[in-house]
Each structure stands twice: as structure tokens, then as C-alpha cells.
Amino acid sequence: MSKIASLNELSKLKNKFGPLIQIRQENEKTIITNTDVIDNSFKIHVLACGGTGCQSSESELIVRVFQRELEKRGLANQVKVITTGCFGFCEQGPILKIHPDNVFYIQVSSKDVEEIIDEHLIKGQVVERLLYVEPIHQEKLKTDLPFYNRQLRIALRNCGLIAPEDIREYIALDGYQALGQVLTEHKPEDIIDTIKKSGLRGRGGGGFPTGVKWELTRKSAADQKFIVCNADEGDPGAFMDRSILEGDPHSVLEAMAIAGYVIGASKGYVYIRAEYPLAIKRLQIAIKEAREYGLLGGSILGSEFSFDVELKYGAGAFVCGEETALIHSIEGKRGEPTVKPPFPAENGLWGKPTSVNNVETFANIPPIILKGADWFANIGTEKSKGTKVFALAGKVNNVGLVEVPMGTTLREIIFDIGGGTKENKRFKSAQTGGPSGGCIPAHYLDIPIDYESLASIGSMMGSGGLIVMDEDDCMVNVAKFFLEFTVDESCGRCTACRVGTKRLHEILTKITEGKGTLEDLDKLERLALIIKDTSLCGLGQSAPNPILSTLEYFRDEYLAHILDKKCSAKVCSNLVEYDITDLCCGCTLCARNCPQNCISGSPRNKHVIDNNRCIKCGVCLDNCRFDAVIRK
Amino acid sequence: MSCKNVIVEEKFSELEHFIDELPDKQGDLIAVLHKAQEIFGYLPEEVQLRIADKLDVPSAKVSGVVSFYSFFTMKPRGKHVVNVCTGTACYVRGAEKLLNELNKHFAIKPGETTKDGEFTLDALRCVGACGLAPVMIVDGKVYGRLKPEQVKGILANYR
């Protein structure tokens, strides 16, 4: 491939590659008349989700079997099987989509492949048993799933639509057009204005206006500057950045190049977790392809602008998501944060002005440039514009990635898109913002979510993890879980965080073991506020949030643990008692397996647990075949 | 030179070759450590000293970086590495029970290796397969929607 020399040439390529994805765009009725077309022989496209979730359930095998069976039937030149990035509907994976019929199959296994080919692709009959069943009306849906209908996908626009390892498909969908326009038609200041007007704010958690960050970095005078993409997605339960990198890596590379042009940098780094091997592989391929097409490297699209991207790997430290810590890590040092100011915009990587932006932030840039600041600013709330991707997980029916306009309520996300709680249990809390966020109770389900509203109820946007918890989750134990995480991940640089989080964790452990006192509760609260005020970086400042928010909204649970020695969710084992009900038929299985020999009773008669000797191991409950053993 | 030493020397020369190829040694310490762990399986003092020497940085700096990042280990790993995801999504769907089952099964705690050197048990923070929670990862292969009683059967395949 020779390098693309101008925006004009890029546009010609876009038309040439158009047919590659044409039959996947059911709404696009434009027929491409260009005769210089390629790959037009495929009548059917089979899209297979190749995200980490679906690959874990062997979507790669499905693709291989598909190709083998198509070849056997002589259909290999009519049906194209494409591995895409994440579709977002992870709960129902592995997922297949057939175009042009636009049929969505769920939980496909390699054993289903022959039936799909013979029934659907050859006879044109949809395989009904693999369709999604809408839970309320029990209707089988081929397309238009409620999970997708309420979403607005900007950052995820290409995920599950294009092959991430084929730059041609990205180009066919306006890929690199924004970069081309920026380089040929705009001054850096114009782009800063556009991004500022669009209202885009950092999607990594802080919510700092992206346009302002670029402007500050542009204004810092230096011989060299850097763009850094923060792909150190450390929040447990958050996987939106990984999905974007796996499903649409070029959108991030294109935006990094635009940012480089704007601030005056010729080099960019993607700092990515080593735990994301698939995202790393796809990025490496994307960088190589972009260089071959002249979209990275020297004189991009015939302009004077040069920009290249290098990958840097994390090594498992949550604090490296903080920008100063991340910069130290790229420099090969311990990832400890430093006091700001100076901000990276003045003094960043190797002491040079550096703009650190998050993956999802970058993914929003090309559409803003192509569609305009007003289009973006019209979406969302007054202070938070555009959309946000949430990784919906936990006790919710439709685990997956959802992108919704800012201002959507939690109820819409969890119940309308997420399909409600698992097994219809009572919703207790939604946790946003990961270990730095808080637990939101049911009475705030209707609050429109944006940066400000979440902060006002003691949580935060964070990177977009959204974990649903139900009546079976103990909020004291949840707070302890998050503190365990921060104790582990505290870098140790400042005392407030290093020692303080440890003390918080100890008090929480004491309470969950039923040894807590009311005095502990006061101590917990006081210490939490001190750590919030005195820690050096965001990690420590936000570490007490899970405690403070649960203390505010679920204080009754703390009190029950302390005063009544009860855990209403029956999670804290010290506060749980096992009992045998009248359902017991005296099979003796529990008594024989009890390690304490504290269950007595004769065969065929109800058994009894001696709770004074019981160690609450739960073996009796696990073994009982008659549901006679209960926790209370 | 004993046979064992020859193998170790081969590994060192592979690492040194990797370092020589680096365009810019400044800031590449973490990349070098990743490579070294890939080659040796872990980062004992001997390896750290050689890296410090080769990159011309103080060995204290190398050791500081190794101990800072949880990805790097100074203890040899077992033949098979069993990880349980302890991200929030897996946690609320029962990761703790999985981990307890594994603790019992191997009679070791997370971070430890069985006496026969076969299995290392560890807890990971979120692999992003939240739709499959709770998950266990054995040598990179993900087992999802697991119940504690299934663990034994899966591990039998790795014996």
C-alpha cells in the first residue's frame, strides 16, 4: 500500500472501500456507483463478536467452524465471516449478527454453526431458538433489541460493526476524515474552539474540559510535547476502554494524531494495561496499518505534520491511572503520583508539556469534528455534554456495555436497558466510580446522571463502572471489599492513604465480625473525612467514598451489625446462624459432612445444629438436597 | 559449565539481545522487566542485577520498580497459574466462594504455589469478562459462570 498523499485521495479510498461494509448499514440506502470497487462478491456478512468476553466463550472457534463449513458447501466466496469488536451485549455472548437480514443471534456455540448455515444462509429461515427472547412479553426478537434501542452510540459507534484489524473498513466509515480535514482546513486554535464549544469533558473520571486541557498544553512553550492516551483502565468491573481499543482502535489513533497537531506534539504514547493482551494486539496491528497508509508517521496526508504512536505497558498498579503516576510509569519509574501543580500541561513526560487523555475521550473526537460542536453540545445535560459509556455488571440481567446520553437516569440504564435485577430480587444499590465512587440507594434511581449529580449524592462518574447490587449484598461488606482494594493499591507515598486506609479496613473488619462498637462508627467517619482531606492524590482522596456513602445511605446496616449482631443480607459469616427446618427428612448427609460434628439427629428424623459449636462453614447448606438448611 | 547454566546463559543472552535492540533505553526499564519475566518466569535478584548492570541504572531502582508493580514477581511460578477474578462484578456474583474453594483444594493462599510446583493460585483485579462472572482463569483460559463445585473437575484436566 502506498501512502495516502492527500485528503482527496483519502476520500477516494473511502468510496473504494465503501462496499466492504455497505450491506451492514441497513439504514444507508445510497448505492455506490463507483466502478472502482472491491470485495463486492459477498452477499452475506456474518459478524462474530471478538471481544474479550465472547472470546472467552470461544467465539474464535465459532469463526473457524464457520469458515470450514462454508468451504465444504462451496459458499466461502459468497459469505464473509468477520471478527468484530465487542457488541456490548456481553451477558448473551457469544453473539453473531447476519447481514443484510440484520438478525441477531445470542449464546451461539460452535455446534450451532451448521444449522445457521443450512437453515438461515441457504434456506433463508431464521434459527428461532438462537434469538433473544424479550423477557416481558416473551417475544423472540430478530433485531431492534431493547438493549440497543435506548442507547446512543458515539464512542462505541464502530464496535461490533467493523473488523478492527482491517483499516479499510474504518476508512470506509469516514475513518481519518476528521484528521484529514483538521490538517488541511483548520488551524489548531479552531479545533481547540470546537472541542471547547462541544463541552467534551474527560471520560476517565475527573471530567476536566478536554478543550481547555489542549489549550493549556498548546500554550506551554517547549521544543517537544507529548500526547498520552490513558488506557490504564484499573477500576474493577469497568471495561469500556478495553472494548473501544479492541473494537475500534483506529478511532483512538486518529484522535491522538489530531490532538498532536493541536498541541504541537509529534509523538504519542498509549499507556495500556498488560492484562489486556487482545487490545494490545489490535492496537499493534492498527498502528502498523496506519503507518503503511501514511496516516501515522512523517508528513501525514501530504501535510507538514508528523506524528507517531508507541505503546507502553502497565504492570498492575491501579494508581497509575492518575496522570502524574502514569507519566512516571512511562518513564520507567515507580508509578507514584506527585503534587499538582505543576500540571502535566506544563511539566509532564520527560519534563515536557503533555496532554493525558482517556481512551473514551479520544473516541469522541473524530465525530465532534465531522459533525460539529453544536451537534455534540445538544446531547446531554447543561454541564455534561455528549454520551457516557457504562460497563453495566453485577446483579443485573443484561451485563454489558451501554452508551447513553448524559442525563439518562439510573432506572433507565438498569431496568430498561439492563433488564432489571437478576431473579427479580430487590434492588439495593448501584455502585458507580469503582473503588473511588459511592453506593447509590434506590431512592436516587431517578436522578439524571452526569458529573455534577453523581458528585452531589456522594458518588462519582469515574470511568463508568456501574455495578448493580441486590438484597443479598451486605453494604458493610461491600465497603470492606473496596477498602481491601485501596489498601492493596495504595502506593505508600503519603501517610494518610497508606496508613489511613489500613485502619479503615481494620475497623470495617471488626464490624463485619460482629465485634464493632458505636464508637468505631464515629472513628470510621472521622478518619474517612481526614483521609479525604489530606491525601496526596485522587486515589487516597476518594478511597473513603465507599464508606462515607454507605454510612449515609445504609447506616441501618452498620447499626444492625453493631447493635443486633445481625447481617440482614446474610453475608457476614460471623453474624449468620444456620438452622434446619421441617423440610428435613433425616437423610443424615449434613451430619456426616459436618467438620465439627455438631449436627445431631437420628435417620429419618429432623436434625438439629448446635450453634454453640458451629463454625459457620456452610457445608450442611451446600450438601442438603431438600433445601432444609437455611441461613438466618 | 553444567547443562543448567547453559540454559540460563541462553536466557540471559536472549534478554541482552532484547535490550540491545531497544531504540531508547531511557524509560524502557518496565518493558525490559516484562521481557525478563516472560523469559525467566520470575525476577530473582540475579536477573535484576544483570538488568541494572546492562541498563546502567542503580540496582535499587530496579528492585524498587519490581516491588512496586503487582505484575512482577520475585518468586517462581507453578507450572499452571490459576487466577480468580476479584473485580467487583465477580465479587458480587460469588468470587469469594470460588477463591475459598481453591484455597481448600490446593491448601494454599493466593500468591502461593503448591509444594509440587504444579499450581500457583492468585487473585486478579478484573479481566473484563464481567458477563461471565464469576470467572477463573487457568493459564489464560477463562472459565465463566462458575460454581465452586465445578472447580475440582476443571483442575483435574491440568494434572
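Every chain is numbered from 1 and lettered A, B, ... according to where its sequence line falls, protein lines coming before strand lines.
- Heavy-atom contacts from other residues, nucleotides or ligands closer than 6.0 Å to CG of D56(B) number 12 or fewer.
- Looking at Y313(A), both its backbone and its side chain come within 4.5 Å of chain B, counting heavy atoms on both sides.
- Both the backbone and the side chain of S329(A) come within contact range of chain B, with heavy atoms under 4.5 Å apart.
- Under 3.5 Å, the side chains of Y91(B) and N477(A) contain a donor-acceptor pair of N or O atoms.
- Closest non-hydrogen pair, S70(B) versus G316(A), comes out as OG-O, 2.7 Å.
- Here the side chain of H34(B) pairs a donor or acceptor atom with the backbone of G314(A) at under 3.5 angstrom.
- You'll find the side chain of T52(A) stays beyond 4.5 Å of the side chain of V127(B), heavy atoms only.
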Original post:
How far apart are the C-alpha atoms of K61(B) and K333(A), what are their side-chain angles, what is the distance that settles it, and do they pass the side-chain contact (heavy atoms from CB on, under 4.5 Å) test?
Top reply: CA-CA 8 Å; K61(B) 188 188 165 186; K333(A) 299 178 192 152; 4.3 Å; yes

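- With contacts defined as side-chain heavy-atom distances shorter than 4.5 Å, the pair F68(B)/E336(A) qualifies.
- Closest approach of W350(A) and G27(B) over heavy atoms only: CH2-CA, 3.6 Å.
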Contacts table for residues 483-490 of chain A: side-chain donor-acceptor under 3.5 angstrom, sequence neighbours left out:
residue: T486(A); atom: OG1; partner: F482(A); partner atom: O; Å: 3.1
residue: T486(A); atom: OG1; partner: L483(A); partner atom: O; Å: 3.2
residue: D488(A); atom: OD2; partner: R125(B); partner atom: NH2; Å: 3.2
residue: E489(A); atom: OE1; partner: F318(A); partner atom: N; Å: 2.9

Please set out all donor-acceptor pairs under 3.5 angstrom arising from side-chain atoms of residues 132-154 of chain B, sequence neighbours excluded.
residue: D139(B); atom: OD1; partner: V81(B); partner atom: N; Å: 2.8
residue: D139(B); atom: OD2; partner: H80(B); partner atom: ND1; Å: 2.7
residue: Y143(B); atom: OH; partner: Y158(B); partner atom: OH; Å: 2.7
residue: R145(B); atom: NH2; partner: E91(A); partner atom: O; Å: 2.7
residue: R145(B); atom: NH2; partner: G131(B); partner atom: O; Å: 3.4
residue: Q150(B); atom: OE1; partner: K147(B); partner atom: N; Å: 2.7

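- Top candidate by heavy-atom pairs under 4.5 Å with chain B, chosen from G53(A), S56(A), G618(A), A315(A), is A315(A).
- The choice from G51(A), G335(A), G434(A) that makes the most heavy-atom pairs within less than 4.5 Å of chain B is G335(A).
- Counting heavy-atom neighbours within 6.0 Å of E46(B) CD, excluding the residue itself, gives a total of 12 or less.
- Within a 6.0 Å radius of CD in E16(B), other residues, nucleotides and ligands contribute more than 12 heavy atoms.
- Only the backbone of A238(A) comes within contact range of chain B, judged by heavy atoms closer than 4.5 Å.
- Neither the backbone nor the side chain of V571(A) comes within less than 4.5 Å of any heavy atom of chain B.
- Interface summary for chain B: among Q55(A), K422(A), Q92(A), the most heavy-atom pairs under 4.5 angstrom belong to K422(A).
- Note on A89(B), C90(B), C130(B): by heavy-atom pairs under 4.5 Å with chain A, the leading option is C130(B).
- Side-chain atoms of V399(A) and R93(B), non-hydrogen and from C-beta on, do get closer than 4.5 Å to each other.
- Interface check for chain B: of the options R242(A), E58(A), E275(A), the most heavy-atom pairs under 4.5 Å are formed by R242(A).
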Original post:
Please walk me through it: do D622(A) and K97(B) pass side-chain contact (heavy atoms from CB on, under 4.5 Å)?
Top reply: CA-CA 12 Å; D622(A) 293 342; K97(B) 284 182 190 153; over 6 Å; no

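- For the set M469(A), Q431(A), R273(A), the count of heavy-atom pairs under 4.5 angstrom toward chain B peaks at R273(A).
- Both the backbone and the side chain of C491(A) have a heavy atom closer than 4.5 Å to some heavy atom of chain B.
- For K54(B), the NZ atom sits in a packed shell: over 12 heavy atoms of surrounding residues, nucleotides or ligands are nearer than 6.0 Å.
- A donor-acceptor pair under 3.5 Å is absent between the side-chain atoms of T88(B) and the main chain of G237(A), judged by distance alone.
- Of the two parts of V65(B), the backbone and the side chain both hold a non-hydrogen atom closer than 4.5 Å to a non-hydrogen atom of chain A.
- Distance check, rounded to the nearest 0.5 Å: CD1 of I30(B) to CZ of R334(A) gives 11.0 Å.
- Within 6.0 Å of atom CD in E96(B), 12 or fewer heavy atoms from other residues, nucleotides or ligands are found, so the atom counts as exposed in its surroundings.
- If you tally non-hydrogen atom pairs under 4.5 Å between each of G394(A), A317(A), C90(A) and chain B, the highest count goes to G394(A).
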